[in-house]
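Beneath this line is the structure, given in structure tokens, with notes to follow.
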Amino acid sequence: MEKPLTKHIRKDQRPLSLKEYEKVGGYESVRKILKGISPKEVQKIVIDSNLRGRGGAGFGTGLKWSFVPLDVLKPKYLIANADEMEPGTFKDRILLECTPHQLIEGMIVAAYAIQADVSFVFLRWAYKTAADTITKAIHEAYEAGYLGKNILQSGYDLEMHLHTGVGRYMCGEETALLNSLEGKRATPRAKPPFPQISGLFGKPTIVNNVETLCCLPHIINNGADWFNELSLTNDSGTKIYGVSGKVKKPGAWELPMGTTLRELIEVHAGGMADGLKFRGALPGGASTDFLVEDHLDVKMDYTHVAAAGSRLGTGTVVILDDKTCPVGFIKNLEHFFAQESCGFCTPCREGIPWVEKILNSIETGEGRLEDLKLLEFHTKYLGPGNTFCAFAPGAMEPLQSGLKYFREDFERHIQEKKCEFKNFKFQVSNSVES
Amino acid sequence: MPSKMLTTEEIKEINHAIELVPYKKAACIEALKVVQQNRRWVSDESLKEVAAFMEMSPEELDSVATFYNLIFRRPVGRHVILLCDSISCWVMGYEKIKNSLNEKLGIEFGETTSDDRFTLLPNPCLGTCDCAPALMIDNDLYRNLTIEQLDEILSKYK
Ligand SMILES: Cc1cc2nc3c(=O)[nH]c(=O)nc-3n(C[C@H](O)[C@H](O)[C@H](O)COP(=O)(O)O)c2cc1C
Ligand code: SF4
């Protein structure tokens with residue numbers, strides 16, 4: 001099984017220096033394209049590879065690039081989205097901390113494909129180790145002539161800077177990220193115009209996820225067919241999957257795209273912790289719909305997870321076990337969304353805190369059966385098309401599927417006027433820790 | 001109190017950030033970061049200083065500053081504890097850690113100990129969900145937390 005993105009990660013996670021990285025084939029893709037593959041040809045290879053964005057939306061990477069006008073004047077921007085703040089998601093952190101040169105190499109390929117001359121890594125504040133490794137790697141790449149003016153005597157120029165954020169989940173949404181980089185509040189922008197035409201400082205811009213960018217050197221080196229064949233399904237490549245929650249061995253693993261949810265949980269995560277049963281899972285972070293036991297054999301790619309009524313999202317799974325309260329679980333998610341709403345549009349700013357309050361009363365035994373209708377109303381009116389950006393619909397995904405799959409738990413809280421999981425929780429945590 | 005002027009060092013760092021962007025204002029978040037790094041938090045006085053330097057009104061700069069939860073517009077202690085309160089940590093026992101910290105430090109979220117040593121804040125997902133529960137103190141990350149470890153961790157920060 002090939003693991004192109006993670007094969008050079010050392011046991012102790014110390015990143016490779018530039019010299020070490022070059023020894024294992026690092027920056028080969030940059031040499032290759034600068035020697036005579038045109039930007040349009042690079043785009044074609046990536047289109048043929050069927051690489052889809054790993055940031056959550058799954059948009060075709062090559063297609064996204066193709067909307068950037070190649071003939072306009074500079075500056076043009078390429079941005080690595082390293083804001084990873086989706087609750088339950090910890091995959092980009094691994095790539096940032098352990099393989100910084102792979103990211104830089106991927107960024108050079110992407111920047112060249114759209115003929116960008118300036119690039120930024122937008123890194124979240126909390127990733128302190130990553131800030132150090134990226135800073136050092138950018139410095140090394142400049143010294144070796146992979147960045148700066150006239151890269152490897154090709155005539156192509158690219159500057160690269162690290163920008164560290166100061167909090168807020170919304171900075172991960174690509175247009176809000178651009179506003180933040182411009183020194184504004186991280187509120188999203190209307191589309192069109194799309195960032196490919198008018199992005200950072202009004203110039204053509206591409207924002208790509210860290211994992212997306214890290215795939216690029218391998219696609220250039222090994223070809224589109226090779227990348228397609230890595231996968232078990234029609235969505236190409238490998239995927240860095242993760243599992244967190246009460247399983248025996250939480251972690252993240254690079255596996256063929258299309259690995260089943262069952263294999264992730266039972267094989268890689270070692271199964272559920274002793275005494276606990278699987279109840280449900282968010283397949284790709286806080287803003288994805290629950291999958292339940294019937295879905296364990298779903299192949300974890302964009303197409304199959306969508307067919308099961310959810311989204312692959314970030315591919316990092318959060319597990320709900322049978323001794324954890326589904327209402328409390330969802331309340332925790334909605335608390336996050338209520339807090340992180342950028343406040344720009346009314347339904348989201350007002351609606352999500354209301355949802356959190358309703359969930360809170362249900363959890364504490366003060367809920368009414370009508371509240372379930374009220375929650376359903378919100379899932380509809382904060383759904384796609386009713387708010388300014390994809391944040392609120394994302395926030396409603398775990399709620400709408402939770403109401404569907406865990407209805408009896410909601411009703412029991414209301415009828416019995418209490419949360420019966422409170423006692424369970426105590427015993428279980430003891431057994432997990434022992 | 002006399003207003004604290006931006007120091008030469010601060011001005012140098014802010015100017016460096018300004019060089020990377022097409023117009024001055026775009027570097028205002030960087031400028032706030034520089035000041036906070038040196039003064040722990042951004043007071044009204046500091047905000048005015050930065051605004052004047054960035055050629056912005058204080059209101060305009062404050063609208064940006066107050067949006068971001070890691071720009072502190074109220075005083076914080078010498079060390080800031082950011083406790084992850086998101087889903088994986090919640091499942092793995094965040095509440096126990098929170099209660100224990102509340103008890104040990106005698107403060108709730110948003111408060112600072114009377115000796116100015118710690119400020120306790122909740123923080124969304126720290127991106128280390130396979131090692132939950134987790135918290136950060138200043139620049140240090142602590143994972144797979146148990147209540148038993150807290151005393152030793154806290155004792156490192158004076
Ligand atoms: C609220 C919100 C938060 C997001 N956060 C992130 C993030 O932290 N990292 C990321 O790569 N994409 C994030 N995205 C998706 C980005 O908007 C964008 O689609 C992505 O960075 C594009 O890269 P890709 O095409 O390589 O996936 C977020 C989207 C929304 C709506
Ligand atoms: S949906 Fe929420 S996050 Fe998106 S613009 Fe509206 S208020 Fe902001």
Side-chain angles (χ1 to χ4, degrees), chain A residues 75 84-93 118 120 124-129 159 161 163-169 171 180-187 201 242-246 249-252 269 282 286 316 318-321 324 328-329 332-333 335-336 339-340 342-343 425 429 432-433, chain B residues 16-33 36 54 56 60-61 63-72 82 84-96 121-132 134 136 138-141 143-144 146-148:
Chain A
E84 189 164 70
M85 262 181 84
E86 178 80 20
T89 303
F90 52 101
K91 65 180 182 75
D92 295 338
R93 180 200 274 271
V118 182
F120 287 93
R124 68 173 294 195
W125 178 91
Y127 285 6
K128 297 292 179 189
T129 307
E159 302 298 331
H161 313 292
H163 175 95
T164 51
V166 274
R168 296 312 293 270
Y169 171 59
C171 291
S180 191
L181 263 183
E182 291 183 8
K184 300 174 185 153
R185 291 180 156 223
T187 53
F201 304 112
V243 175
S244 67
K246 288 182 176 162
K249 293 182 294 178
L282 305 173
T316 38
V318 187
I319 304 284
L320 170 68
D321 59 81
T324 295
F329 189 101
N332 176 279
L333 299 173
H335 168 73
F336 165 81
Q339 178 183 297
E340 293 301 317
C342 83
K425 227 192 275 170
S429 328
V432 168
E433 278 161 19
Chain B
H16 177 70
I18 292 173
E19 274 168 34
L20 302 183
V21 287
Y23 48 88
K24 217 169 174 180
K25 225 157 89 167
C28 74
I29 296 176
E30 288 302 310
L32 289 166
K33 270 159 60 182
Q36 178 164 298
M54 300 308 285
M56 297 167 80
E60 189 182 8
L61 183 63
S63 85
V64 175
T66 52
F67 184 87
Y68 293 98
N69 60 309
L70 294 170
I71 295 293
F72 303 135
L82 297 175
C84 174
D85 65 351
S86 289
I87 192 64
S88 308
C89 283
W90 180 81
V91 169
M92 299 306 287
Y94 141 85
E95 263 164 57
K96 279 201 228 165
L121 297 172
N123 199 73
C125 189
L126 290 171
T128 183
C129 320
D130 53 340
C131 303
M136 279 181 86
D138 302 338
N139 291 341
D140 310 323
L141 177 66
R143 353 189 185 202
N144 292 316
T146 60
I147 296 177
E148 292 71 35

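Sequence lines set the chain letters: A, B, ... in the order given, protein chains first and strands last, and positions in each chain run from 1. Note that the structure is predicted; figures quoted are calculated from it, not measured.
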Without hydrogens or angle criteria, can the side chains of A/Ser180 and B/Tyr68 be said to hold a donor-acceptor pair below 3.5 Å? yes
Sequence-distant partners of B/Gln36, side chain to side chain donor-acceptor pair (under 3.5 Å), two or more places apart: none
Name the member of [options] that forms the most heavy-atom pairs with chain B at distances under 4.5 Å.
options	result
A/Gly251, A/Gly343, A/Pro75	A/Gly251
A/Lys128, A/Arg185, A/Met85, A/Glu84	A/Arg185
A/Gly328, A/Ala252, A/Gly242	A/Gly328

Give, as side chain, backbone, both or neither, the part of [X] having an atom under 4.5 angstrom from any heavy atom of chain B.
X	result
A/Thr164	both
A/Glu86	backbone
A/Leu181	backbone
A/Ala126	both
A/Phe120	side chain
A/Phe329	both
A/Thr316	neither
A/Ala186	both
A/Cys342	both

Check: B/Trp90 and A/His335 side chains under 4.5 Å, non-hydrogen atoms: no
Part of [X] within contact of chain A (heavy atom distance under 4.5 Å):
X	result
B/Asn144	neither
B/Leu32	neither
B/Leu141	side chain
B/Asn123	side chain

Heavy atoms only: give me the nearest [X]-[Y] pair and the separation to one decimal.
X	Y	result
A/Phe90	A/Ser244	CE2-CB, 4.3 Å
B/Ala134	B/Thr128	CB-CG2, 3.6 Å
A/Tyr127	B/Gly127	OH-CA, 3.4 Å
A/Gly165	A/Trp125	O-CB, 3.3 Å
B/Leu126	A/Arg93	O-NH2, 2.7 Å
A/Gly88	B/Cys125	N-SG, 3.6 Å

Using atom types as modelled and distance alone, determine if a side-chain donor or acceptor of A/Glu159 lies under 3.5 Å from a backbone N or O of A/Val118. no
I'd like to know which of B/Ile87, B/Val91, B/Asp140 tops the heavy-atom pair count under 4.5 Å against chain A. B/Ile87
Show which side-chain atoms of residues 16-29 of chain B pair as donor or acceptor with protein atoms under 3.5 Å away, not counting sequence neighbours.
from	atom 1	to	atom 2	distance (Å)
B/Lys24	NZ	B/Phe53	O	2.9
B/Lys24	NZ	B/Glu55	OE2	3.0
B/Lys25	NZ	B/Glu60	OE2	2.8

